[in-house]
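Shown next, in structure tokens, is the structure this report addresses.
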Amino acid sequence: MNIETLLYTIGIAAVAVNASSGVLEAGRRPFDLFGMVVVALAAALGGGTLRDVMLDRTVFWIADQTYLIAAIVAGMATFTLVRLVRLPTKLFLLPDAIGLALFTVSGTQAALSVGAPWLVASLMGVVTGVFGGILRDMLCNEVPLVFSGELYATASWAGALLLVGLVVAGVGAGWAALAGGGLVLVIRLGAIVFGWRLPVFTARK
Amino acid sequence: MNIETLLYTIGIAAVAVNASSGVLEAGRRPFDLFGMVVVALAAALGGGTLRDVMLDRTVFWIADQTYLIAAIVAGMATFTLVRLVRLPTKLFLLPDAIGLALFTVSGTQAALSVGAPWLVASLMGVVTGVFGGILRDMLCNEVPLVFSGELYATASWAGALLLVGLVVAGVGAGWAALAGGGLVLVIRLGAIVFGWRLPVFTARK
Amino acid sequence: MNIETLLYTIGIAAVAVNASSGVLEAGRRPFDLFGMVVVALAAALGGGTLRDVMLDRTVFWIADQTYLIAAIVAGMATFTLVRLVRLPTKLFLLPDAIGLALFTVSGTQAALSVGAPWLVASLMGVVTGVFGGILRDMLCNEVPLVFSGELYATASWAGALLLVGLVVAGVGAGWAALAGGGLVLVIRLGAIVFGWRLPVFTARK
């Protein structure tokens, strides 16, 4: 298996993991199978879709519907599984962190490839990584989880900025992606293990 | 009146009916006239707009503002009417079902015409048919109705898949549209009359 | 300083003011720094982004990331300030009204420049002016403020329609923009001072 095939496979896996997280999140609501599938699709494909629409690229799952099929299958499988057995939420933390790293890298690279400025490119990495989760929570009528709690979007942004900085500094795309993605993973896993957080805002009344 | 004119007229009517449903839904909230118009526009035009943006087509109501005018007029008329008389909600069920069938067919055909793969094309039919209602509920800060209750999106998806299958099988576009739209209508009306539902998800705690 | 530079500077200022209003609004929620930045970006850039995506133009802050930097800096500065001193909400009313006028004018002109029909063009002015605020409230899981209260979107729409009418009547683009933007400002400030409102909708039960 070469590197391209490996990255493609991880991309499909990241989409599937996000679809599962969408179903687990929506599970608190009395949604039917269709509602579940919509939330799963929004969580899995929302970030990349927003990125592609804003960058005026062909939406990735319209160009290759394997992503769409992976999201639907993973969503339905999770829907079935959670009715049979109790899945520990922590089961998803590691694949989700890998997915965040991969989405961040692919989103940043996609933006750089169409000539986006550096700050925009890094933000597109974050959008790809976290917007799906924000959309999932909006559909469930909840305040997005990613706006508080352990470092998540911050891990994504730090990695995206490192990637952009290395590319600007002349480092090869492959090494920059590895370093950027690695930083996302290290910060996110550190945040899970050690409870790293950003300061929470409270306005003076 | 030829078939093209008939379809166009039904399309305008479907937009108007969805705008009215938006106003009826928003009626539970203390919105002013502008808020009503926004919810009416979101309900009537949201699905087709998302489809066109994702497929990178010209947004249908920007290309032909008759749709926009129909939505505004229908929204304002409903706004006025509901302050004068009490409209039975059930009044809208039949035109809404016809609108769902038509939106599903037009959305699926639009996606097929730009070469989208089969599953994507069927999903675009569903997006066109139901996203307006999801957006309407999100603006009203409510959990989308379409995620539970009698079959709605499922009717749309079944019809869209039938349409795509018939086109792939070599059936003419007109007959495929008639069969697909007819199936949406039959399932949706059956769901209203007989209370057909999908199983509701409840996660094990 | 010529007129183009002035308009550009006001545009940047309008983005910054909207970013600040996003942070002030989100301040009621226990968001962290990243959550604040997202809400600030949504409030500041959301309207123009939706306009550009629907008109199939290059998104303005992707083409020129000065807007993005202004929004992030203003958001973070407000985040810091509100933890130190208590900012009176009314402080933002005048710059916000100027921003609404400018966003309305720039949105309407952008739509006219790509050949949008008159009603669509005026609506794009409104979308540019008010969608950021709607998105901000949706992210905070609240019913959008702009759907009720003192005239806001109505001021935007009135000015946009005047601008389009003057352009159609053959008045120069500069004068039309001045008149349209002026009308937005006059109605909005009048609404703040005199409490002008649209009738609120209440459906008969």
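Computation of the quantities below employed the complete heavy-atom set of this structure, encompassing side-chain atoms and omitting hydrogens, waters and symmetry-equivalent molecules. Remember, it's a predicted structure, so these values are computed and weren't measured experimentally. All chains are named by letter (A, B, ...) in the order of the sequence lines, taking the proteins before the strands, and each is independently numbered beginning at 1.
Here the straight-line distance linking atom CG of Asn141(A) with atom CG of Asp137(B) works out to 9.5 Å at 0.5 Å rounding.
Identified by a heavy-atom distance below 4.5 Å to chain B, contributing residues of residues 98-124 of chain A are lacking entirely. Chain B is approached within less than 4.5 Å, heavy atom to heavy atom, by Thr49(A), Val53(A), Asp56(A), Val59(A), Trp61(A), Ile62(A), Gln65(A), Leu68(A), Ile69(A) from residues 45-71 of chain A, ordered by number.
Nearest approach of Phe34(A) to Leu198(B), heavy atoms of both residues: N-CD1, 3.5 Å.
Only the side chain of Leu41(A) comes within contact range of chain B, with at least one heavy atom under 4.5 Å from a heavy atom of that chain. Of the atoms belonging to Ile134(B), it is side-chain heavy atoms, and not backbone ones, that fall under 4.5 Å from chain A.
Within a 6.0 Å radius of CH2 in Trp175(B), other residues, nucleotides and ligands contribute 12 heavy atoms or fewer.
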